[in-house]
Peer 1: 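Below you will find the structure I want to go over with you.
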2 protein chains.
Amino acid sequence: MSESDTLTLILDAAQDLIQRLGANAMSYQHLSEAVDIRKASIHYHFPTKQDLIEALIDRYHAYFIGLVDRIIAEESDPVRMLDRYMGLFEATLREGKHDKACLCGMLGAELASLGEDAVRNLRRFFKESQDRLAAILKLGRDAQVFRFDGDPAAVAGLIFAALEGALLLVRADGGVKRFRILADELRRLVAA
Amino acid sequence: MSESDTLTLILDAAQDLIQRLGANAMSYQHLSEAVDIRKASIHYHFPTKQDLIEALIDRYHAYFIGLVDRIIAEESDPVRMLDRYMGLFEATLREGKHDKACLCGMLGAELASLGEDAVRNLRRFFKESQDRLAAILKLGRDAQVFRFDGDPAAVAGLIFAALEGALLLVRADGGVKRFRILADELRRLVAA
DNA sequence: GTCTATAGCGCGATAGAC
DNA sequence: GTCTATCGCGCTATAGAC
């Protein structure tokens, strides 16, 4: 944890910039200032910007899905699972000095600027994140701690879109306080 | 309607580009090709890019809120109002050849790149859109065609975030078909 | 109101020394 | 693995002719 090799520092700086500003507003120049290294040196680690973005998506995917899987493994109560799942989004928003959106939510908005490999991996992130959420919802309904009609995947799609949308929108107004109100509504949505 | 003066053509082209690619990927060069005019001529109408973006937000705000107000005025059934409100988002997604996000949702993602005037007007758009939605929800609950607990504004915030998030996400996977599934879940969420 | 021409900068990327 | 130096391009924006 907290590796400080150059490659990791570049990834960290790039992720921070994209989550705040978007991929199209993130440049090698910004990175070189954040990491205190020359622009050309960044190209040694990531020949093209697409390479960098793809590496970022892969790392974020592994990190996020890993956290979700740990939540599912650690908790027995689906209500707690959902709380902690939503907590991951709130933690993203709060981490660092400025409000941050989800890396993949931001890249999803800028989808048309990405290469096809990046888009494919982005889709994978969205699918697996929603599949995990659907599994949690199904567990909870089977255990009768959640109540909702229809397909767990459809409800998961709604909750996921609301969480991603909220991260992008509350940065304009209301911040984390507003996010929490929204999360409360989501809890109510599936409450038994 | 359908004015074809240069200024309107520029606004139309800029809005299309931003809804598909984002503001940071939209350039005067792209606009000049879309409108078939020289780059410099665009600066006559909109001296800076910030001016153009502010004008776009103002126009979109007036257009969208105008449509919502018409829906509220024309319909007597809140269920129909909500259907048509969500229909505005679906229409945005479908209009033109490629899937489009909400102009303001996209700009919300790129918030940090915008000037403070643009941010203020963006906030106004979000607030008024959600206030109208909250009013529809309250009407429906009073008329007992909707059922939900708590503050209509909180539920409106959830629905609005889900709709904006959905527009951004379904472009990666599922498109309008997936949007409709999500809209169905939202209907169910408040159904009496 | 639109044009040509251009300034001035930041961008992604590469070559080659160390 | 990091550096200096540089290329070539696209960007926003301006000056001035028509």
Side-chain angles (χ1 to χ4, degrees), chain A residues 2-57 59 103 106-107 109-119, chain B residues 3-57 59 106-107 109-119:
Chain A
S2 84
E3 303 179 47
S4 66
D5 54 304
T6 304
L7 189 134
T8 304
L9 289 174
I10 295 169
L11 285 171
D12 290 345
Q15 182 172 326
D16 175 71
L17 284 167
I18 294 179
Q19 288 185 278
R20 291 191 290 113
L21 313 176
N24 289 325
M26 180 273 287
S27 73
Y28 276 50
Q29 184 59 47
H30 292 134
L31 290 177
S32 87
E33 286 157 19
V35 181
D36 197 30
I37 198 180
R38 301 295 99 200
K39 267 199 306 176
S41 308
I42 301 175
H43 284 281
Y44 169 79
H45 299 280
F46 303 99
T48 72
K49 200 175 170 181
Q50 283 301 321
D51 292 329
L52 172 53
I53 291 174
E54 280 169 33
L56 271 177
I57 297 173
R59 188 179 75 150
L103 176 76
M106 191 64 96
L107 292 175
E110 293 177 308
L111 192 78
S113 309
L114 304 181
E116 59 178 21
D117 280 7
V119 171
Chain B
E3 303 178 49
S4 65
D5 54 304
T6 305
L7 190 134
T8 302
L9 289 175
I10 294 169
L11 286 171
D12 290 345
Q15 182 171 327
D16 176 73
L17 284 167
I18 294 180
Q19 288 184 278
R20 290 191 292 113
L21 313 176
N24 289 325
M26 179 271 290
S27 73
Y28 277 50
Q29 184 59 49
H30 292 135
L31 290 177
S32 87
E33 286 157 18
V35 181
D36 197 29
I37 197 180
R38 300 296 99 201
K39 270 198 302 176
S41 308
I42 302 174
H43 284 282
Y44 169 80
H45 298 279
F46 304 100
T48 73
K49 201 174 167 181
Q50 283 301 320
D51 293 328
L52 172 53
I53 291 175
E54 281 169 34
L56 271 177
I57 296 174
R59 189 179 73 150
M106 190 65 95
L107 292 175
E110 293 176 308
L111 192 79
S113 309
L114 304 180
E116 58 178 19
D117 280 8
V119 171

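Residue numbering restarts at 1 for every chain, and letters A, B, ... go by the order of the sequence lines. Values below: all heavy atoms of this structure, side chains included; hydrogens, waters and symmetry mates excluded. Nothing here was measured: the structure is a model prediction, and the numbers come from that model.
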Peer 1: Looking at CG of Asp51(A) and CG of Asp117(A), how far apart are the two atoms once the value is rounded to the nearest 0.5 Å?
Peer 2: 9.5 Å

Peer 1: CZ/Arg59(B) to CD/Gln15(B) distance, rounded to the nearest 0.5 angstrom?
Peer 2: 5.0 Å

Peer 1: Distance-only check: which donor-acceptor pairs under 3.5 Å involve side-chain atoms of residues 22-32 of chain B, not counting sequence neighbours?
Peer 2:
| unit_1 | atom_1 | unit_2 | atom_2 | d |
| --- | --- | --- | --- | --- |
| Asn24(B) | ND2 | Glu110(B) | OE2 | 3.3 |
| Asn24(B) | ND2 | Ser113(B) | OG | 3.2 |
| Ser27(B) | OG | Gln29(B) | N | 3.3 |
| Ser27(B) | OG | His30(B) | N | 3.1 |
| Ser27(B) | OG | His30(B) | ND1 | 3.1 |
| Tyr28(B) | OH | Phe46(B) | O | 2.9 |
| Tyr28(B) | OH | Thr48(B) | O | 3.2 |
| Tyr28(B) | OH | Lys49(B) | N | 3.3 |
| Gln29(B) | NE2 | Glu33(B) | OE2 | 3.0 |
| His30(B) | ND1 | Ala25(B) | O | 3.4 |
| His30(B) | ND1 | Ser27(B) | N | 3.4 |
| Ser32(B) | OG | Gln29(B) | O | 3.0 |

Peer 1: With rounding to the nearest 0.5 Å, note down the distance linking CG in Leu111(A) to CE in Met106(A).
Peer 2: 14.0 Å

Peer 1: Can you check whether His45(B) reaches Asp5(B) side chain to side chain, under 4.5 Å on heavy atoms?
Peer 2: no

Peer 1: In whole angstroms, how far is the P atom of dG12(C) from the CD atom of Gln50(A)?
Peer 2: 11 Å

Peer 1: So do the side chains of Leu52(A) and Leu11(A) get within less than 4.5 Å of each other, counting heavy atoms only?
Peer 2: yes

Peer 1: Quick one: is Thr6(B) getting a side-chain N or O under 4.0 Å of the dT2(C) phosphate, OP1 or OP2?
Peer 2: yes

Peer 1: Which residues within residues 109-118 of chain B lie with some heavy atom under 4.0 Å of an atom in DNA chain C?
Peer 2: none

Peer 1: Compare every heavy atom of Ile37(B) with every heavy atom of Thr6(B), then report the nearest pair and how far apart it is.
Peer 2: CG2-CD1, 3.6 Å

Peer 1: Send over the distance from Leu7(B) CG to dT2(C) C1', rounded to a whole Å.
Peer 2: 14 Å

Peer 1: Drop me the distance from Leu7(B)'s CG to Asp12(B)'s CG, to the nearest 0.5 angstrom.
Peer 2: 9.5 Å

Peer 1: For DNA chain C, which residues of residues 22-45 of chain B approach it to below 4.0 angstrom with any heavy atom?
Peer 2: Ile37(B), Arg38(B), Ala40(B), Ser41(B), Tyr44(B), His45(B)

